[in-house]
Enquirer: 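Just dropping this structure here.
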Amino acid sequence: MSASPSMSGGAGERTRTVVWFRRDLRVEDNPALAAARRSTDTVAALLELVRSTGATHLFFNHLYDPLSLVRDHRVKQVLGAEGITVQSFNSDLLYEPWEVLDDHGCPFTMFTPFWNTCLCMVDPPAPMLPPKRINSGELSRCCSSDDLIFEDESERGSNALLARAWSPGWQNADKAFTAFINGPLIDYSVNRKKADSANTSLLSPYLHFGELSVRKVFHQVRMKQLTWSNESNGDGEEGCSLFLRSIGLREYSRYLAFNHPCSHEKPLLAHLRFFPWVVNEVYFKVWRQGRTGYPLVDAGMRELWATGWLHDRIRVVVSSFFVKVLQLPWRWGMKYFWDTLLDADLESDALGWQYISGSLPDGRELDRIDNPQFEGYKFDPCGEYVRRWLPELARLPTEWIHHPWDAPESVLQAAGIELGSNYPLPIVELDEAKSRLQDALSEMWELEAASRAEIENGMEEGLGDSSDEPPIAFPQELQHMEVDRATIHTPAMAGRRRADQMVPSITSSFFRAETETELSAAFESEVTRPEVPSQVHFQPQTRMEVRDEVASDDTAARYNGVQQQQQYTLHRHRVQGGIAPSTSEASSSWTGREGVIWTGTRSSHIG
DNA sequence: TGAAAATTCTA
DNA sequence: AGAATTTTC
């Protein structure tokens with residue numbers, strides 16, 4: 001937001017204002033907004049701010065989760081009606097979700113064709129240089145970033161350790177990026193399967209918080225690729241493709257969120273609603289603590305807790321173990337990721353968990369259980385990773401490091417390990433998990449068939465509720481436990497207040513309180529594709545609002561047409577009034593990709 | 001050169 | 001787990 005109209009074309013770099021907008025202004029902490037104190041309504045807060053500063057223009061960048069889409073649209077309406085010029089931009093993505101369509105003009109339902117299409121499109125415009133000067137008018141005086149309180153004392157304390165390893169800010173983002181493309185990128189294709197972080201870009205938190213522009217990443221990696229291609233460095237070139245692909249996954253997560261507004265809460269494939277999840281809080285706790293008895297899983301969970309980061313592959317390992325072996329409800333895991341990962345990202349994490357839990361057309365097969373032992377030798381052949389995070393196994397020879405339960409007693413003794421005592425036996429045997437999974441799947445298909453039969457018999461009125469996923473309450477106990485642990489350890493969630501998370505969960509209290517009517521209205525009518533500002537950038541802005549509306553209606557129409565043909569069954573129309581019961585009040589996190597050894601809470605990153 | 005075996009990859 | 005690709009003989 002700028003008090004002066006001189007700041008134009010913010011499409012390239014984010015500005016501080018935009019960053020504020022990403023996670024909702026915390027009005028209650030901002031002295032400049034005393035009038036709006038206690039308000040959690042962004043629109044009211046902005047209105048107040050605009051009035052008090054005399055701003056004439058408002059600029060912001062797009063977000064694609066349902067909460068933001070609705071809210072941002074309201075901002076346009078309300079502030080527009082006040083005579084404020086409101087202009088929004090794409091800054092988070094290479095291409096806007098509504099720009100990427102298949103031959104029939106329909107949104108893709110699978111990643112590969114989506115990404116191939118992206119790669120064939122005209123390259124996104126190169127990022128712009130930052131403006132030489134921003135005339136921030138009254139704004140800088142009345143609410144500089146120093147006045148905004150992003151963490152309280154207890155948060156500050158619990159973040160101290162993480163802060164040592166993490167360097168936020170765009171300069172550091174830039175440094176990390178340069179280091180990556182001049183270093184590990186060339187060997188990315190060879191090294192990417194190793195479990196440790198040395199070979200990954202560790203950029204995901206910077207990307208998440210808008211400290212690094214995806215378009216900049218895209219262009220520079222493309223240039224490297226060209227260079228290596230000319231030198232016929234096949235590996236280097238392939239590394240670039242693979243790395244860009246992980247950027248593509250991030251794009252795709254927004255794409256999915258946009259096309260399926262509930263994808264962070266509901267499985268995209270309808271039958272998953274009938275899966276009989278094992279509601280077992282002991283399993284859940286054991287998983288969180290890294291005491292499952294499977295070394296690779298446990299090492300991952302310990303690393304996650306200690307550093308707030310996990311390699312992409314290990315995210316797949318632990319989450320797939322969670323869903324397939326423990327058969328816990330995936331949204332619990334997603335919530336835990338959200339709480340612990342420093343690159344926690346709603347869209348990316350929802351994509352990841354849906355992929356793992358078999359909810360995507362191109363996801364992993366539901367009936368396939370990955371064997372952590374084999375994965376262990378694949379990603380961590382020498383056992384270094386396991387030894388680093390599980391000191392109790394440090395003296396175990398590599399031969400047994402990923403399956404200590406098979407090791408001869410003498411070997412265990414020599415390594416100082418007593419299974420069941422200082423390292424657990426497998427909490428669930430894989431064979432047992434397999435048969436349990438088979439049973440669960442048959443049950444799921446039976447229920448699904450029964451439900452479909454009933455619907456065909458015209459009984460859908462009677463079972464309106466049953467087609468929603470049965471609500472599985474998020475374990476209460478987790479809240480307390482995490483706070484306890486957080487004060488002892490370092491990680492991210494310590495003392496975080498609920499409001500800080502601002503997870504666009506449709507069921508969050510914030511949402512209900514502030515926007516329920518609007519949202520239900522939004523989801524009720526099928527014409528709701530919430531207000532996608534289309535082609536905003538290069539238009540003179542007089543007619544912009546009008547064009548927006550038209551464009552978004554267009555998009556909506558197209559979307560609805562598509563919706564029928566897709567195999568996804570996302571009963572958006574059911575999400576009304578009470579709004580679908582959700583497992584978790586928050587959501588998830590996960591990025592199929594890079595990360596940073598991250599330090600600091602989410603809320604403290606923003607500065 | 002072709003079939004069989006081994007390895008790799010899967011969003 | 002299974003398809004696709006590469007290596008082996």
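Remember, predicted model here, so these are calculated numbers, not experimental data. In what follows, chains carry the letters A, B, and so on, assigned in the order in which the sequence lines appear, proteins first and then strands, with residues in each chain numbered from 1.
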Enquirer: For dA11(B), does OP1 or OP2 lie under 4.0 Å from any side-chain N or O of R245(A)?
Expert: yes
Enquirer: Find the distance E238(A):CD to dT5(C):P and express it as a whole number of Å.
Expert: 14 Å
Enquirer: In whole angstrom, give the distance that lies between atom CZ of R368(A) and atom P of dA1(C).
Expert: 9 Å
Enquirer: Assess whether side-chain hydrogen bond (donor to acceptor under 3.5 Å, both in side chains) is satisfied between T398(A) and R387(A), documenting all intermediate values.
Expert: CA-CA 10 Å; T398(A) 304; R387(A) 291 194 186 89; 3.2 Å; yes
Enquirer: Could you check how far NZ of K324(A) sits from C1' of dA1(C), rounded to whole Å?
Expert: 10 Å
Enquirer: Which residues satisfy the side chain to side chain donor-acceptor pair (under 3.5 Å) test with Q225(A), sequence neighbours excluded?
Expert: R222(A), S241(A)
Enquirer: Among dA1(C), dA11(B), dT10(B), which nucleotide has an atom closest to any side-chain atom of K434(A)?
Expert: dA1(C)
Enquirer: F111(A) on top of dA11(B)'s base, within under 5.5 Å and under 30°?
Expert: no
Enquirer: Does M223(A), at its CE atom, have more than 12 non-hydrogen atoms belonging to other residues, nucleotides or ligands within less than 6.0 Å?
Expert: no
Enquirer: At less than 3.5 Å, do the side-chain atoms of N371(A) and the base atoms of dA1(C) form a donor-acceptor pair?
Expert: no
Enquirer: Without decimals, in angstroms, what is the distance between E365(A) CD and dA11(B) P?
Expert: 10 Å
Enquirer: I need the CZ-C1' distance between R254(A) and dA11(B), as an integer number of Å.
Expert: 15 Å
Enquirer: What integer distance in Å separates K378(A):NZ from dT7(B):P?
Expert: 13 Å
Enquirer: In this structure, how many angstroms lie between the P atom of dA11(B) and the CD atom of E251(A), rounded?
Expert: 17 Å
Enquirer: In whole Å, I'd like the distance from the CH2 atom of W115(A) to the P atom of dT10(B).
Expert: 15 Å
Enquirer: As an exercise, state the distance from OG of S359(A) to CH2 of W353(A), rounded to the nearest 0.5 Å.
Expert: 11.5 Å
